S.K.: 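Just dropping this structure here.
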Amino acid sequence: MQAEARGCYDTRAMLIKELLAQRLTTAFTTAQAQGLLPPGDLPEGVIERPQDTKHGDFASTLPMKAAKTLRSNPMKIAQTLQQLVEKGHEIQKVDVAPPGFINITLSTAWLQQQVEAVRHEGERFGHVTSGAGHKVQVEFVSVNPTGPVHVGHARGAVLGSTLATVMQAAGYNVTREYYVNDAGNQMELFYRSLWARYQQALGKQAEIPENGYRGQYMVELGQRVVQEHGDRFLKMPEAKAIAAIGAVGLDHMITAIKADLEMIGVTFDNWFREKSLFQDSTYATAMKMLEERGYVVRRDGALWFESTKLGEDKDNVLVRSNGLPTYFASDAAYHYNKFMLRGYERVIDIWGADHAGHVSRLKAVVEALGADPSRLTVLLGQMVALKRGGEVVRASKRTGEIVTLRELAEEVGKDAVRFFFLARSPEAQIEFDLELAKQQSQENPVYYLQYAHARIAGILRHAEERHIEYRDGDVAQLKVDEELALIRKLLELPELVESIAKSLEPHRLPHYTMDLAATFHRFYDTCQVIPKEYSPEHDGALTKARLKLVDASRIGLAQCLTLMGMAAPERM
RNA sequence: GCGCUUGUAGCUCAACGGAUAGAGCGCAGCCCUGCGAAGGCUGAGGCUUUGGGUUCGAAUCCCAACAAGCGCACCA
């Protein structure tokens, strides 16, 4: 394995981080075998990236972690390992720093060679194989189709779509799914509200039901149905009319939601209908299974899921005494479908924090259905408080006072919306000031990233115009700090992709991209790529090498922007 | 009242239990007769809400207080 890795420049085969971890592990066991270190287990977390690059490319805190179990001095352990780590051609030096750090610096020659490796990988650079084709579902947004998508939903949309993309890059087999809640009494209310608006559009007297949907969009929807269908629903018996008009309204809502989400680059592989759970035997089978496993009891005329048997605070109603199933029952059946029928090895649900209280009971029901609840992860996006010029804007579908995603996308732009929500960890409760967002879109981090990409494109264009062919450039010319720093920064991308897929923290991607862009800008500032008085004899070697580095940077930056669903412009 | 999440620069936010806590915006200076100045460099700005604890080491883990958000239905 090690010999194989040594001769390999392809980062896809093995990350340098993993290679170094192996070397350290081998050094550790060798030291014990030779009696240089006392016996004892290898601690977790062998290798990491130091915060400060002056400490080298990689650092290990292994000596300090092992000191206790080995009953040995951390500095002594560090020094022992320092001697035993196989350097190969990748490692330039291994240092020891108090109180027991091992610092590893990569060799310049190896770093230079990575420029070729990145260019060789091209569009695939940054992709890794840690996901091993495992079947994963990411379910997100899933807004009730009773109204348009609003600003608060944008967060989950961006989080979910980026996570799905990154997991795909990490080698998972990912399905993006939207759960359409087209059953239940909220939908019933929506249908009846639309029925009323439809009648009003035809000049008839009609009342919006209590707690119905009163937004302006419902008025428009009613008018639209009149345009498309005339008064034909009036001729039906009311119950039938409501059902028929409801189906039409639902269709329009889903189409609108789909279009709005596409405005910020969010798409799905599957739109799963709640109703389908009842149309086939999924719901019945799931309920039967819960019953057979002894988790269902009848009490006060309702059917209860005995979550308390699984350590929950209280039981939950599956079927109300009026015979109608609760949302929770649908959810149980839906997850039965995800795990049992479709066989996802792992399911990630992205919800708003207002649903936090439902996580544990859903996990309980998944367990009751016989799936390991650790296969289900629920990510909660904390609430987004919406402001306009410092004033809080209340978002409510029923009162109709909403700022829609569409408005936001039109005002602020897709890339800025994505970046803004993506850069914050899901747990952060954020305030979104529309005025500020618009204003800042002039002086936005988004432009910082895209400018770097456009700048790169400009240089490459320039090289082409001057007919500078750099295929034969020699990367060994790259020796300046700013050049090597840029290579080092690029090499972090595959590690980051692997790490994000594991920790489910896509917010680290925008921060890395900012870093990469800054590192490029610094390189640009100190290292001129194509001199004004360019002469092939005099400048050729360095210019060609730097063009290769610029090209590798383009690949890395474009990959980041692509993973985030943002544009990578050639010009601005 | 109980539970979950969160308190980090003036503002918006980062920081696998590791070395001097970092970015962007804002603020004060400096840098284009050289590839895109939507850029670079320098500086000011922090008792990581407070008080205890755990350990070689804590913004990070545990306990308590204070503050904010969200839950606590036969709604979704």
Side-chain angles (χ1 to χ4, degrees), chain A residues 44-45 47-52 54-55 59 61 64-65 67-68 74 97-101 103 144 146 181 184-187 189 211 299-304 313-314 316-328 330-331 352-360 380 382-383 385 420 423-433 436-437 439-440 442-448 450-452 454-463 465-466 499 502-503 505 507-508 510-512 514-515 517-518 520-534 543 546-547 550 571-572:
Chain A
E44 293 284 315
I47 198 142
E48 63 195 46
R49 288 274 186 179
Q51 278 181 11
D52 195 330
K54 77 171 185 233
H55 294 124
T61 57
M64 291 175 282
K65 284 172 179 155
K68 184 170 263 180
F101 289 100
N103 293 327
N144 278 3
T146 54
N181 292 110
N185 52 18
Q186 285 307 312
M187 276 325 283
L189 211 49
N211 295 323
R299 199 185 302 152
D300 306 327
L303 279 186
W304 295 73
D313 289 340
K314 57 186 176 191
N316 296 98
V317 172
L318 290 165
V319 182
R320 293 182 275 248
S321 48
N322 65 8
L324 295 175
T326 60
Y327 170 85
F328 175 60
S330 296
D331 240 15
D354 51 343
H355 291 71
H358 302 195
V359 176
S360 64
L380 298 172
Q382 288 294 321
M383 296 286 102
F420 182 88
R424 282 126 181 100
S425 82
E427 299 94 50
Q429 297 158 14
I430 55 185
E431 287 188 355
F432 192 101
D433 193 316
L436 211 60
Q439 186 187 324
Q440 281 187 353
Q442 307 303 318
E443 292 290 323
N444 211 292
V446 173
Y447 292 83
Y448 186 84
Q450 295 184 328
Y451 179 70
R455 203 178 215 185
I456 288 170
I459 297 170
L460 295 175
R461 238 180 354 251
H462 188 196
E465 283 159 10
R466 313 251 315 237
S499 169
K502 192 177 172 203
S503 66
E505 291 175 336
H507 69 274
R508 289 164 53 201
H511 288 277
Y512 165 77
M514 287 293 285
D515 227 18
F520 176 79
H521 284 312
R522 273 194 292 274
F523 157 79
Y524 175 87
D525 200 59
T526 37
C527 304
Q528 190 176 27
V529 180
I530 304 171
K532 194 175 186 185
E533 314 282 332
Y534 173 78
T543 291
R546 285 181 173 169
L547 280 169
V550 170
R571 298 170 198 270
M572 292 172 69

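Small disclaimer: the values here were computed from a predicted structure and weren't measured. By convention in this document, chain letters (A, B, ...) are assigned in the order of the sequence lines, proteins followed by strands, and residues within each chain are numbered from 1.
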S.K.: Within the structure shown, what part of the strands sits under 4.0 Å from A:Ala59 by heavy-atom distance: base, sugar-phosphate, or nothing?
M.R.: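 The answer is base, as A:Ala59 lies within the cut-off (heavy atoms under 4.0 Å) of a base atom.
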
S.K.: Using the P atom as the point on both nucleotides, what is the distance between B:G39 and B:G3, in whole Å?
M.R.: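 Approximately 49 Å lies between the P atom of B:G3 and that of B:G39.
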
S.K.: Using Watson-Crick or G-U wobble geometry with both distances under 3.5 Å, which nucleotide pairs with B:C35?
M.R.: none

S.K.: With 3.5 Å as the limit, what N/O pairs link the protein to nucleotides 54-61 of chain B?
M.R.:
| unit_1 | atom_1 | unit_2 | atom_2 | d |
| --- | --- | --- | --- | --- |
| B:C56 | OP1 | A:Lys68 | NZ | 3.4 |

S.K.: For A:Ala302, which residues count as a side-chain contact (heavy atoms from CB on, under 4.5 Å) partner, sequence neighbours excluded?
M.R.: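 Testing A:Ala302 for side-chain contact (heavy atoms from CB on, under 4.5 Å), a comparison that skips the adjacent residues, returns A:Trp304, A:Val317.
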
S.K.: Mind checking if A:Tyr448 touches a base, just sugar-phosphate, or nothing, with heavy atoms under 4.0 Å?
M.R.: sugar-phosphate

S.K.: May I ask you to say what A:Asp52 touches in the nucleic acid, namely base, sugar-phosphate or nothing, with a heavy-atom cut-off under 4.0 Å?
M.R.: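 Here A:Asp52 touches no strand at all.
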
S.K.: Verify the contact: side-chain N or O of A:Arg522 to OP1 or OP2 of B:C41, cut-off strictly under 4.0 Å; return yes or no.
M.R.: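 Yes, A:Arg522 has a side-chain N/O under 4.0 Å of OP1/OP2 on B:C41.
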
S.K.: Does A:Thr326 make a side-chain donor-acceptor contact with the base of B:C74, cut-off 3.5 Å?
M.R.: no

S.K.: Across all strands, who's sitting opposite B:A21 as a Watson-Crick or G-U wobble pair, both distances under 3.5 Å?
M.R.: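 B:A21 is paired with nothing.
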
S.K.: Contact class for A:Ala302 vs. all strands (heavy atom < 4.0 Å): base, sugar-phosphate, or nothing?
M.R.: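 Base contact - A:Ala302 has a heavy atom under 4.0 Å of at least one base atom.
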
S.K.: Under 3.5 Å for both donor-acceptor distances, Watson-Crick or wobble: does B:C2 have a partner, and if so which one?
M.R.: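 Its partner is B:G71.
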
S.K.: Quick one: label A:Ala454 by what it contacts on the DNA or RNA (base, sugar-phosphate, nothing), any heavy atom closer than 4.0 Å.
M.R.: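 The answer is base, as A:Ala454 lies within the cut-off (heavy atoms under 4.0 Å) of a base atom.
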
S.K.: Would you indicate what A:Met514 reaches in the nucleic acid, counting non-hydrogen atoms under 4.0 angstrom: base, sugar-phosphate, or nothing?
M.R.: sugar-phosphate

S.K.: Partner of B:A59 by Watson-Crick or G-U wobble geometry, both contacts under 3.5 Å, or none?
M.R.: none

S.K.: Please name the pair of heavy atoms, one in A:Ser503 and one in A:Arg508, separated by the smallest distance, quoted to 0.1 Å.
M.R.: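 Looks like OG-NH1, 3.4 Å.
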
S.K.: Please enumerate all residues that pass side-chain hydrogen bond (donor to acceptor under 3.5 Å, both in side chains) together with A:Gln450, with sequence neighbours excluded.
M.R.: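 For A:Gln450 the side-chain hydrogen bond (donor to acceptor under 3.5 Å, both in side chains) partners, ignoring immediate neighbours, are A:Asp415.
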
S.K.: Any base atoms under 4.0 Å from A:Gln528, or only sugar-phosphate, or nothing? Heavy atoms, all strands.
M.R.: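 A:Gln528: base contact, heavy atoms under 4.0 Å.
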
S.K.: Name the nucleic acid region contacted by A:Lys502, choosing base, sugar-phosphate or nothing; use a 4.0 angstrom heavy-atom cut-off, strictly under.
M.R.: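 No contact at all - A:Lys502 keeps every heavy atom at 4.0 Å or more from the nucleic acid.
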
S.K.: Reckon A:Arg571 touches a base, only the sugar-phosphate, or nothing at all at heavy-atom distances under 4.0 Å?
M.R.: base

S.K.: Give a yes or no on whether A:Asp354 atom CG has more than 12 heavy-atom contacts from other residues, nucleotides or ligands under 6.0 Å away.
M.R.: yes

S.K.: Do the side-chain N or O atoms of A:His507 get closer than 4.0 angstrom to the phosphate oxygens (OP1, OP2) of B:A15?
M.R.: yes

S.K.: Could you pull out all residues at least two apart from A:Asn103 that satisfy side-chain contact (heavy atoms from CB on, under 4.5 Å)?
M.R.: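 Applying side-chain contact (heavy atoms from CB on, under 4.5 Å) to A:Asn103 gives A:His55, A:Ala59, A:Asp95, A:Ala97, A:Phe101.
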
S.K.: With a non-hydrogen cut-off below 4.0 angstrom, is A:Arg461 in contact with a base, only sugar-phosphate, or nothing?
M.R.: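 Here A:Arg461 touches the bases of the nucleic acid.
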
S.K.: Using the six-membered ring of A:Phe420, assess whether NZ or CZ of A:Arg424 lies under 6.0 Å from its centre and within 45 degrees of the ring axis.
M.R.: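 Yes; both conditions hold, so A:Arg424 lies above the ring face of A:Phe420.
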
S.K.: From the list B:A19, B:G18, B:A14, which nucleotide is the closest neighbour of the side chain of A:Thr61?
M.R.: B:G18

S.K.: So, does the side chain of A:Lys532 form a donor-acceptor pair with the base of B:U33 at under 3.5 Å?
M.R.: no

S.K.: Counting the atoms with a prime plus P, OP1 and OP2 as sugar-phosphate, which does A:His521 contact under 4.0 Å by heavy atoms, base, sugar-phosphate, or nothing?
M.R.: sugar-phosphate

S.K.: How would you label the contact of A:Ser425 with the nucleic acid (heavy atoms, under 4.0 Å): base, sugar-phosphate, or nothing?
M.R.: sugar-phosphate

S.K.: Tell me every residue that passes ring-ring contact (aromatic ring centres under 6.0 Å, His included) with A:Tyr524, counting only those two or more places apart in sequence or in another chain.
M.R.: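 In terms of ring-ring contact (aromatic ring centres under 6.0 Å, His included), with neighbours along the sequence ignored, A:Tyr524 is linked to no residue.
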
S.K.: Reckon A:Asp313 touches a base, only the sugar-phosphate, or nothing at all at heavy-atom distances under 4.0 Å?
M.R.: nothing

S.K.: Looking for any heavy atom pair under 4.0 Å, which part of the strands does A:His355 touch: base, sugar-phosphate only, or nothing?
M.R.: base

S.K.: Answer yes or no: does atom CD of A:Glu533 have more than 12 heavy-atom neighbours from other residues, nucleotides or ligands under 6.0 Å?
M.R.: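 Check fails, neighbour count at 12 or below.
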
S.K.: Check side-chain contact (heavy atoms from CB on, under 4.5 Å) between A:Asn322 and all other residues, then give those that pass, not counting sequence neighbours.
M.R.: A:Arg320, A:Leu324

S.K.: If you take atom types as modelled and just measure distance, does the side chain of A:Asn103 reach the base of B:A19 with a donor-acceptor pair under 3.5 Å?
M.R.: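 In this structure, the two groups form a donor-acceptor pair.
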
